[in-house]
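In listed order, ligands and their atoms are each counted from 1. Keep in mind the model is a prediction, meaning the values are calculated, not measured.
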Amino acid sequence: MSDPDDRFLEITRRQVLETGMVVTVSGILPVTALAQASNSQPLPENGVTVQVSFQINGHPMALDIDGRASLLDMLRERLGLVGAKKGCDHGQCGACTVHVDGRRVASCLTLAAKVDGREVTTIEGIDGADGLHPMQQAFIDHDALQCGYCTPGQIMAAIACVKEGHASTPEDIREYMSGNICRCGAYVGIVAAIEQAAPQIERG
Ligand code: FES
Ligand code: FES
């Protein structure tokens, strides 16, 4: 089966950053329709079906899921929210970072059943009516990526890093972003982007 991300392969990485996140939002956000469709998918045999109700990017959602499913798999495979990436699936790379009740989590290590009653935010849900989130814009301004695979997780972790109060110095940023690996080594740009966006996020 082809990866849903394949459609982006012919797009330049700048276009991915500028439009990929936005297109993902506008392309995805009939999440209710997606959920209705995905609720009709057969659940795996031998699993325990669990009902979960939660907010996803500000939208109410109710799903029947396999009780063993990770939050990452539910987002990508049931809701079509493919911004969060499966890098290692072992909590070691940060590519799958999303927010649950405003706190960053590795969605590959989080049981989907545990988000019942909670608010989940993914990269597809952070831009506002007036355009990109300041952290997205800062990543563009500092060219803080090469292949872009780690970037959604980096941005979600970066927003949390600022809100946690750990973005006052480059050393602090490096320490509190150390759970997010970039195989392309775009760390200099990432730190610069966080320094740029931090004041706007703190004010917000
Ligand atoms: Fe979750 Fe690597 S995919 S930390
Ligand atoms: Fe390629 Fe980070 S930009 S892994």
Side-chain angles (χ1 to χ4, degrees), residues 3-24 54 56 65-66 68-115 118 120-126 132-133 135-161 164 166-167 170 173-197:
D3 190 298
D5 295 343
D6 284 352
R7 60 199 151 139
F8 292 120
L9 285 178
E10 293 181 0
I11 303 173
T12 68
R13 64 194 179 93
R14 178 166 287 273
Q15 285 173 309
V16 167
L17 238 184
E18 289 179 336
T19 63
M21 297 168 191
V22 177
V23 168
T24 307
F54 56 102
I56 177 72
I65 61 166
D66 183 338
R68 302 165 297 183
S70 70
L71 175 57
L72 179 61
D73 284 344
M74 181 179 75
L75 292 171
R76 292 181 58 86
E77 296 174 15
R78 299 293 303 280
L79 297 179
L81 294 167
V82 296
K85 297 294 186 286
K86 186 176 284 189
C88 64
D89 211 18
H90 284 82
Q92 295 176 351
C93 73
C96 65
T97 304
V98 300
H99 296 175
V100 175
D101 288 346
R103 302 184 64 173
R104 54 176 153 175
V105 301
S107 60
C108 69
L109 291 187
T110 304
L111 273 177
K114 292 202 72 171
V115 303
R118 297 179 182 271
V120 180
T121 306
T122 69
I123 188 73
E124 291 91 346
I126 63 168
L132 295 176
H133 187 282
M135 193 63 78
Q136 290 175 305
Q137 186 60 55
F139 269 63
I140 293 171
D141 293 345
H142 291 276
D143 220 9
L145 72 152
Q146 287 189 35
C147 75
Y149 194 82
C150 73
T151 308
Q154 298 280 2
I155 290 175
M156 296 307 288
I159 294 168
C161 180
E164 292 160 8
H166 297 309
I173 292 169
R174 280 194 283 272
E175 174 69 22
Y176 285 91
M177 289 295 291
S178 61
N180 286 73
I181 307 301
C182 176
R183 290 161 185 80
C184 299
Y187 297 112
V188 172
I190 291 169
V191 171
I194 295 172
E195 286 187 289
Q196 173 180 308

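Distance alone, capped at 3.5 Å, is enough to place a donor-acceptor pair between the Glu124 side chain and the Gly83 backbone. Side-chain atoms of Arg104 never come within 3.5 Å of backbone atoms of Met156 as a donor-acceptor pair (strictly under, hydrogens ignored). Formation of a donor-acceptor pair under 3.5 Å by the Thr122 side chain with backbone atoms of Val98 is not found in this model. Under a 3.5 Å cut-off, the side chain of Tyr149 and the backbone N or O of Lys86 do form a donor-acceptor pair. Under the 3.5 Å distance criterion, the side-chain polar atoms of His142 are left unmatched by any main-chain donor or acceptor of Ala144. Judged by distance alone, with hydrogens and angles left aside, the side-chain atoms of Asn180 form a donor-acceptor pair with the main-chain N or O of Gly153 at under 3.5 Å. When atom types are taken as modelled, the side chain of Tyr176 and the backbone of Ala167 share no donor-acceptor pair closer than 3.5 angstrom.
For a distance bound of 2.8 Å, the N, O or S atoms of Cys184 include one lying that close to atom 1 (Fe) of ligand 2. Distance check for Cys147 against atom 1 (Fe) of ligand 2: an N/O/S atom falls below 2.8 Å.
Gln146 N, 3.1 Å is the protein heavy atom nearest to atom 3 (S) of ligand 2. Nearest to atom 4 (S) of ligand 2 among the protein's heavy atoms is Arg183 N, 3.3 Å.
Residue contact check: Gly148 has heavy atoms under 4.0 Å from atoms 1 (Fe), 3 (S) of ligand 2. Every atom of ligand 2 is numbered from 1 in the order shown, and the set under 4.0 Å from a heavy atom of Cys150 is 2 (Fe), 3 (S), 4 (S).
Note: Leu145 CG to Ile155 CD1 = 8.0 Å, rounded to the nearest 0.5 Å. Cys93 SG to Arg183 CZ: the interatomic distance, rounded to the nearest 0.5 Å, is 5.5 Å.
Put simply, no part of Ala186 is less than 4.0 Å from ligand 2, judged by heavy atoms.
Of all protein atoms, those of element N, O or S that lie under 2.8 Å from atom 2 (Fe) of ligand 1 number 2.
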